[in-house]
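Following: one structure in structure tokens, then a few remarks.
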Protein chains: 2
Amino acid sequence: MFTKACEYAIRAVLIITMKGKEEQKLSIQHIAKEIDSPLPFTAKILQTLSREGLVASVKGPNGGFYIDPKAKPVSLSQIVKAMEEENVLNTCALGLKECSDTQPCPIHHQVKAYKQKLKHVLQEKTIQMLAKELNEGKTFLRISKKRKK
Amino acid sequence: MFTKACEYAIRAVLIITMKGKEEQKLSIQHIAKEIDSPLPFTAKILQTLSREGLVASVKGPNGGFYIDPKAKPVSLSQIVKAMEEENVLNTCALGLKECSDTQPCPIHHQVKAYKQKLKHVLQEKTIQMLAKELNEGKTFLRISKKRKK
DNA sequence: TTAATAAAGGATATTTTTATCCTTTATTAT
DNA sequence: ATAATAAAGGATAAAAATATCCTTTATTAA
Ligand code: FES
Ligand code: FES
């Protein structure tokens, strides 16, 4: 559905939102470890997110990434857009040059509802909402192998 | 959603189903032109589809591809599987190592229903059904630029 | 039986995505 | 001021996906 870059981006912003405070910023090392992603690639992605203003960053000792508490909540679609994947849900599932209701491909009608709902989720869900559920232990960012029973 | 290879595969089988008869087989050239895909890449894909038994082929003069009328209808998921993309809808949208209800990622619940629906579509819809709608002019495999009004 | 045809198969090339490395810049603590 | 630290940025490398080319094999028509 998303590229690795976009997956890492979403996971990174989630971790930064959960654990990054202005007085206790998160280093790239810390973030990559938490979301289990390749460090240098994650650094690149954080550069982009920082440039786009979706996360705040400070260089130097005790520097790192955090979320400005007075910034507007960030939606999933903002991250997807920052990673230049805004069109994942606008293009034809069979690769036709356009996805349209008037000249639908053979599976257009079957996938349309799905794509729209998902688009809606990306627009409505903010990182803050998802971070809250993570903090409450309702959702997870890593799979922990726990033995059955 | 799918790779180019898978998109071309589905489109190719659709065209072969619509236009390929045992007495009037379709050449690679013809197929690639119809579905507007790069010819040599399409040839590779047709090799795979033929090897997997999803289309029939004959070499030599008047050879080409066709669908054995007494073969079982082919579902979309059979094609997706032949192209080794069966896991597109089984993996976690955020790239976690597993997609599970017990350790759901932050968007698992939001995407689960749609993944299942789509999986169902791929399993139930056969190429024959889709080819019929194409023949009836209800759906399209190419976008024709028609002037408005 | 030979020549022509068309897919099959193998090897290679290109592009995109993913990942790494190194140098520069900003910030902080000393 | 100086040294240490950490992100930013640029250049490069590796892997995967996409695409092309060439040789072989099967089939058919002449
Ligand atoms: S035209 Fe193919 S998904 Fe809309
Ligand atoms: S765990 Fe992420 S989609 Fe199911």
Side-chain angles (χ1 to χ4, degrees), chain A residues 1-13 16 20 22-33 35-68 80 82-85 87-88 91 95, chain B residues 1-13 16 20 22-33 35-68 80 82-85 87-88 91 95:
Chain A
M1 178 168 173
F2 300 119
T3 61
K4 284 287 162 203
C6 194
E7 289 174 0
Y8 297 152
I10 294 171
R11 279 151 60 192
V13 181
I16 296 168
E22 187 148 11
E23 63 279 14
Q24 179 75 44
K25 306 180 195 76
L26 290 194
S27 68
I28 294 175
Q29 285 76 4
H30 191 112
I31 294 165
K33 198 171 181 193
I35 69 173
D36 191 26
S37 63
L39 192 144
F41 193 37
T42 307
K44 278 285 132 186
I45 291 161
L46 288 169
Q47 268 179 37
T48 304
L49 294 171
S50 174
R51 216 181 310 113
E52 297 287 324
L54 300 182
V55 300
S57 74
V58 185
K59 293 180 182 176
N62 304 317
F65 297 86
Y66 66 101
I67 301 290
D68 182 350
V80 174
M83 304 311 291
E84 301 191 321
E85 287 178 42
N87 284 323
V88 261
T91 52
Chain B
M1 178 168 174
F2 301 118
T3 61
K4 284 285 161 202
C6 194
E7 289 174 0
Y8 297 152
I10 295 171
R11 277 150 61 189
V13 181
I16 296 168
E22 187 148 11
E23 63 280 13
Q24 179 75 45
K25 306 179 197 75
L26 291 194
S27 69
I28 293 174
Q29 285 75 4
H30 191 113
I31 294 165
K33 197 170 181 194
I35 69 172
D36 190 26
S37 62
L39 193 145
F41 193 36
T42 306
K44 279 285 132 185
I45 291 160
L46 289 168
Q47 267 179 38
T48 304
L49 293 171
S50 174
R51 216 181 308 115
E52 298 287 324
L54 300 183
V55 301
S57 73
V58 185
K59 294 179 182 178
N62 303 316
F65 297 86
Y66 65 101
I67 301 291
D68 182 349
V80 174
M83 303 311 291
E84 302 191 322
E85 288 179 42
N87 285 324
V88 263
T91 53

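Given the structure is predicted, the values throughout are model-derived calculations rather than measurements. Below, chain A is the first sequence line, B the second, and so on; all start at residue 1.
- One atom, CD of Gln47(B), and another, P of dT24(D), lie 16 Å apart when rounded to the nearest Å.
- Following rounding to the nearest Å, Leu46(A) (CG) and dA8(D) (P) show an atom-to-atom distance of 8 Å.
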Tabulate protein N/O versus nucleotide N/O from nucleotides 26-28 of chain C, keeping only pairs under 3.5 Å, one per line.
unit_1  : atom_1 : unit_2   : atom_2 : d
dA26(C) : O4'    : Lys59(A) : NZ     : 3.4

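- Using a 4.0 Å heavy-atom criterion, one finds that Ile31(B) contacts no nucleic acid atom at all.
- Sorted by first then second residue, the side chain to side chain donor-acceptor pair (under 3.5 Å) pairs that include residues 55-64 of chain B, not counting sequence neighbours, are Ser50(B)-Ser57(B).
- In this model, the phosphate group of dA8(D) is approached by a side-chain N or O of Ser50(A) to a distance below 4.0 Å at OP1 or OP2.
- A 6.0 Å sphere centred on CD of Glu84(B) holds no more than 12 heavy atoms belonging to other residues, nucleotides or ligands.
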Every protein N/O lying under 3.5 Å from an N/O of nucleotides 15-19 of chain D:
unit_1  : atom_1 : unit_2  : atom_2 : d
dT18(D) : OP1    : Lys4(B) : N      : 3.0
dA19(D) : OP2    : Tyr8(B) : OH     : 3.3

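- Atom P of nucleotide dA7(C) and atom CD of Glu52(B) are separated by 19 Å, given to the nearest angstrom.
- Within the 3.5 Å criterion, the main-chain N or O of Phe41(A) finds no donor-acceptor partner in the side chain of Lys44(A).
- Counting any heavy atom pair closer than 4.0 Å across all strands shown, Leu49(B) reaches no nucleic acid atom.
- Taking all atoms of both residues into account, the shortest heavy-atom contact from Ile35(A) to Thr42(A) is CD1-CG2, 4.4 Å.
- Across the protein-nucleic acid pair, Leu39(A) atom CG and dT18(C) atom C1' stand 14 Å apart, rounded to whole Å.
- Contact between the side-chain N/O atoms of Arg51(A) and the OP1/OP2 oxygens of dA7(D) is not found at any separation under 4.0 Å.
- In this structure, Ser57(A) reaches the dA8(D) phosphate: one of its side-chain N or O atoms is under 4.0 Å from OP1 or OP2.
- Between Glu52(B) and Ala82(B) the shortest heavy-atom distance is CG-CB, 3.9 Å.
- What separates OH of Tyr66(A) from P of dA7(D) is a distance of 13 Å, to the nearest Å.
- Between Leu46(B) atom CG and Ile16(B) atom CD1 the span is 5.0 Å, to the nearest 0.5 Å.
- Between the C1' atom of dT18(C) and the CG atom of Asp36(A) lies a distance of 15 Å, rounded to the nearest Å.
- Put simply, CD on Glu23(A) and OH on Tyr66(A) are 10.5 Å apart, with the number rounded to the nearest 0.5 Å.
- Between the side chain of Lys33(A) and the main chain of His30(A), no donor-acceptor pair closer than 3.5 Å is present.
- The CD atom of Gln24(B) sits 12 Å away from the P atom of dA6(C) (whole-angstrom rounding).
- In this structure, Ile28(A) places its CD1 atom 14 Å from C1' of dC22(C), rounding to the nearest Å.
- Judged by distance alone, with hydrogens and angles left aside, the side-chain atoms of Glu85(B) form a donor-acceptor pair with the main-chain N or O of Thr3(B) at under 3.5 Å.
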